[in-house]
Amino acid sequence: MHPLVVALLVSLVATALSRWTPAEHAASLVGATFLLATFLLVPSERAQRYGLGFAGWLEPTPIDWTRTRRDCARACTWSLGAALLLFPPFTWGFVAWYEPGVEFSWQRAMLDLPVAWYDLLLGHLLVVALPEEAFFRGYLQSALDERWSGPVRFAGFELGHAVWITSLLFAAGHYAATPHPARWAVFFPSLVFGALRARTGGIGAGVLSHALCNVYSALLASGYGFETAR
């Protein structure tokens, strides 16, 4: 099947699970769906081509520790750079959209989080960001790039139609799971995740950036006193 058809079918299953399963299990079931789909769609010998090699750990070759350290450092550097790019406009958009009635408080942000910030980061990293990036940026964006040629090179990034089409489907899936206009806003950070995939050759930087964005969003919500952080 065409990758867009596959993405639609998998997204429909994920949406159904997110809306009609118990809230305490929904995120884990959705994440498992995306990981399973990626595992079935991408054979191990093509893991690196699809950005899923994870510094060689998921490739059918011996682990190269030098490569592991280099790729991890590169992913961290790019994800921190993406955070510096995304957080200021995201903060402005958050305040403009929700119009909080109180000033931001770091004390309130940390106290109102449902778990400790490092547990929140780990949860988003493994349960949310990793499965979604593996499927959307690993499988889908890579598969579409194989079918469509002619990427545009901009500031060292080779960006084709796959980046924005993947981001559109990514945002549509978020809206389908939670029908609120604000959910379409994930289209814009998704473009950055796609650009990181294109620039670095893997999904590691996108996974870290995705998790940081989710945690930052939760911190903003709790710091401004919104119940959405709970």
Visitor: I want to know whether Phe104 and Trp106 have ring centres closer than 6.0 Å.
Guide: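 Yes, close enough.
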Visitor: Quick check on Glu103: does its CD atom have over 12 non-hydrogen neighbours (other residues, nucleotides or ligands) under 6.0 Å away?
Guide: no
Visitor: Verify side chain to side chain contact (heavy atoms under 4.5 Å, CB included) between Thr33 and Phe135, making sure each step is shown before the conclusion.
Guide: CA-CA 9 Å; Thr33 298; Phe135 181 76; over 6 Å; no
Visitor: Would you find a donor on one side and an acceptor on the other, under 3.5 Å apart, between the side chain of Arg74 and the backbone of Thr200?
Guide: yes
Visitor: Is the backbone N or O of Ser209 less than 3.5 Å from a side-chain atom of Ser79, with the two atoms forming a donor-acceptor pair by type?
Guide: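 Checked: no pair found.
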Visitor: Using the side chain to side chain contact (heavy atoms under 4.5 Å, CB included) rule, take His180 and Tyr175 through it: C-alpha gap first, then chi angles, then the decisive distance, then the call.
Guide: CA-CA 6 Å; His180 189 284; Tyr175 177 78; 5.6 Å; no
Visitor: For Ala182 and Tyr98, work out which heavy atoms get closest and say how close.
Guide: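 Nearest heavy atoms, Ala182 then Tyr98: CB-OH, 3.9 Å.
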Visitor: Considering only heavy atoms from C-beta outward, does the side chain of Asp64 approach that of Arg70 to under 4.5 Å?
Guide: no
Visitor: Check Ala143 against Pro3 and note the closest heavy-atom contact, atom names and distance.
Guide: CB-CG, 3.7 Å
Visitor: Kindly work out whether a path of hydrophobic side-chain contacts (I/L/V/M/F/W/Y, heavy atoms less than 4.5 Å apart) joins Ile165 to Leu12.
Guide: no
Visitor: Is the backbone of Cys213 close enough, under 3.5 Å, to the side chain of Ser217 for a donor and an acceptor to pair up by distance?
Guide: no
Visitor: Going from OG1 on Thr15 to CH2 on Trp20, what distance comes out if it is rounded to the nearest 0.5 angstrom?
Guide: 8.5 Å
Visitor: How far apart are the closest heavy atoms of Ala75 and Gly204, and which atoms are they?
Guide: CB-C, 3.9 Å
Visitor: Check Val192 against Leu85 and note the closest heavy-atom contact, atom names and distance.
Guide: CG2-CD2, 4.5 Å
Visitor: Using the rule given for side chain to side chain contact (heavy atoms under 4.5 Å, CB included), can you reason through Arg108 versus Val102, listing the C-alpha separation, both sets of side-chain angles and the distance that settles it, and then say yes or no?
Guide: CA-CA 11 Å; Arg108 182 168 54 237; Val102 298; 3.4 Å; yes
Visitor: May I ask whether Leu113 and Tyr118 are part of the same hydrophobic cluster, defined by side-chain heavy atoms of I, L, V, M, F, W, Y residues being less than 4.5 angstrom apart, directly or through others?
Guide: yes
Visitor: For residues Val128 and Ile203: do they belong to one hydrophobic cluster (side chain heavy atoms under 4.5 Å, members Ile, Leu, Val, Met, Phe, Trp, Tyr)?
Guide: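 Unlinked, Val128 and Ile203 end up in two clusters.
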Visitor: Hey, could you give me the NE2/CG distance between His2 and Leu144, rounded to the nearest 0.5 Å?
Guide: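 So the gap between those two atoms works out to 6.5 Å.
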Visitor: Counting N and O atoms only, with roles assigned by atom type, does the side chain of His25 sit under 3.5 Å from a partner on the main chain of Thr21, one being a donor and the other an acceptor?
Guide: no
Visitor: How long is the span from the CZ atom in Phe187 to the OG atom in Ser190, to the nearest 0.5 Å?
Guide: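 It is 7.5 Å, given to the nearest 0.5 Å.
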Visitor: For residues Arg199 and Trp78, determine if any side-chain heavy atom of one lies less than 4.5 Å from a side-chain heavy atom of the other.
Guide: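 Yes, close enough: below the 4.5 Å cut-off.
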Visitor: Under 6.0 Å between ring centres: does that hold for Phe87 and Tyr216?
Guide: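 So the answer is yes for these two rings.
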Visitor: Charged N to carboxylate O below 4.0 Å: is that the case for Glu132 and Arg137?
Guide: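 Not counted as a salt bridge, because no side-chain N and carboxylate O are separated by less than 4.0 Å.
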Visitor: Could you tell me which non-hydrogen atom of Pro131 sits nearest to which non-hydrogen atom of Phe34, and how far apart they are?
Guide: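 For Pro131 versus Phe34, the nearest heavy atoms are O-CB, 3.4 Å.
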Visitor: Roughly how far, to the nearest 0.5 Å, is the CZ atom of Arg147 from the OG atom of Ser142?
Guide: 13.5 Å
Visitor: Can you tell if the side chain of Pro181 reaches within under 4.5 Å of the side chain of Trp97, non-hydrogen atoms only?
Guide: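 In contact.
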Visitor: Could you tell me whether a side-chain N or O of Arg19 sits under 3.5 Å from a main-chain N or O of Ala176, the two making a donor and an acceptor?
Guide: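 Here the side-chain-to-backbone pair exists.
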Visitor: Taking C-beta and beyond as the side chain, do Leu140 and Phe170 meet within less than 4.5 Å on heavy atoms?
Guide: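 The answer is no; the side chains never approach within 4.5 Å.
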Visitor: With a 4.5 Å cut-off on side-chain heavy atoms, are Leu4 and Leu169 touching?
Guide: yes
Visitor: So do Val95 and Pro100 actually touch side chain to side chain, heavy atoms under 4.5 Å?
Guide: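 Pro100 reaches Val95 side chain to side chain.
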Visitor: Just verifying a value: how many Å separate Leu29 CG and Ser18 OG, rounded to the nearest 0.5 Å?
Guide: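 If I round to the nearest 0.5 Å, the distance is 10.0 Å.
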Visitor: So if I apply the side chain to side chain contact (heavy atoms under 4.5 Å, CB included) rule between Glu133 and each of His210, Arg197, Gln141, which one comes out positive?
Guide: His210
Visitor: Following the transitive rule for hydrophobic clusters with a side-chain heavy-atom cut-off under 4.5 Å over Ile, Leu, Val, Met, Phe, Trp and Tyr, establish whether Leu220 and Val115 coincide in one cluster.
Guide: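 In one cluster with Leu220: Val115, yes.
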Visitor: Donor-acceptor check, side chain of Ser222 to backbone of Leu219, threshold 3.5 angstrom: yes or no?
Guide: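 Looks like yes, one N/O pair under 3.5 Å.
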Visitor: Is the shortest side-chain heavy-atom distance between Arg49 and Val42 below 4.5 Å?
Guide: no
Visitor: If the threshold is 4.0 Å, N to carboxylate O, is there a salt bridge linking Glu146 and Arg46?
Guide: yes
Visitor: Honestly curious: do Leu208 and Leu122 fall in one hydrophobic cluster under the side-chain, below-4.5 Å linking rule?
Guide: no
Visitor: Establish, from distance only, whether the side-chain atoms of Thr38 and Tyr50 form a donor-acceptor pair under 3.5 Å.
Guide: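 No pair is found: no donor N or O on one side chain lies under 3.5 Å from an acceptor on the other.
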Visitor: Please find the pair of heavy atoms, one from Val163 and one from Leu191, that lie closest to each other, and give the distance.
Guide: CG1-O, 3.9 Å
Visitor: Does Tyr224 form a side-chain hydrogen bond (donor to acceptor under 3.5 Å, both in side chains) with Glu99? I'd like the steps, not just the answer.
Guide: CA-CA 10 Å; Tyr224 280 116; Glu99 298 181 342; over 6 Å; no
Visitor: Going by side chain to side chain contact (heavy atoms under 4.5 Å, CB included), Leu125 matches just one of Asn214, Val215, Leu212, Val207. Which one?
Guide: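 Result: among Asn214, Val215, Leu212, Val207, Val207 is the only option passing the side chain to side chain contact (heavy atoms under 4.5 Å, CB included) with Leu125.
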Visitor: Count the heavy atoms of every other residue, nucleotide or ligand shown that sit under 6.0 Å from CH2 of Trp184, and state whether that count exceeds 12.
Guide: yes
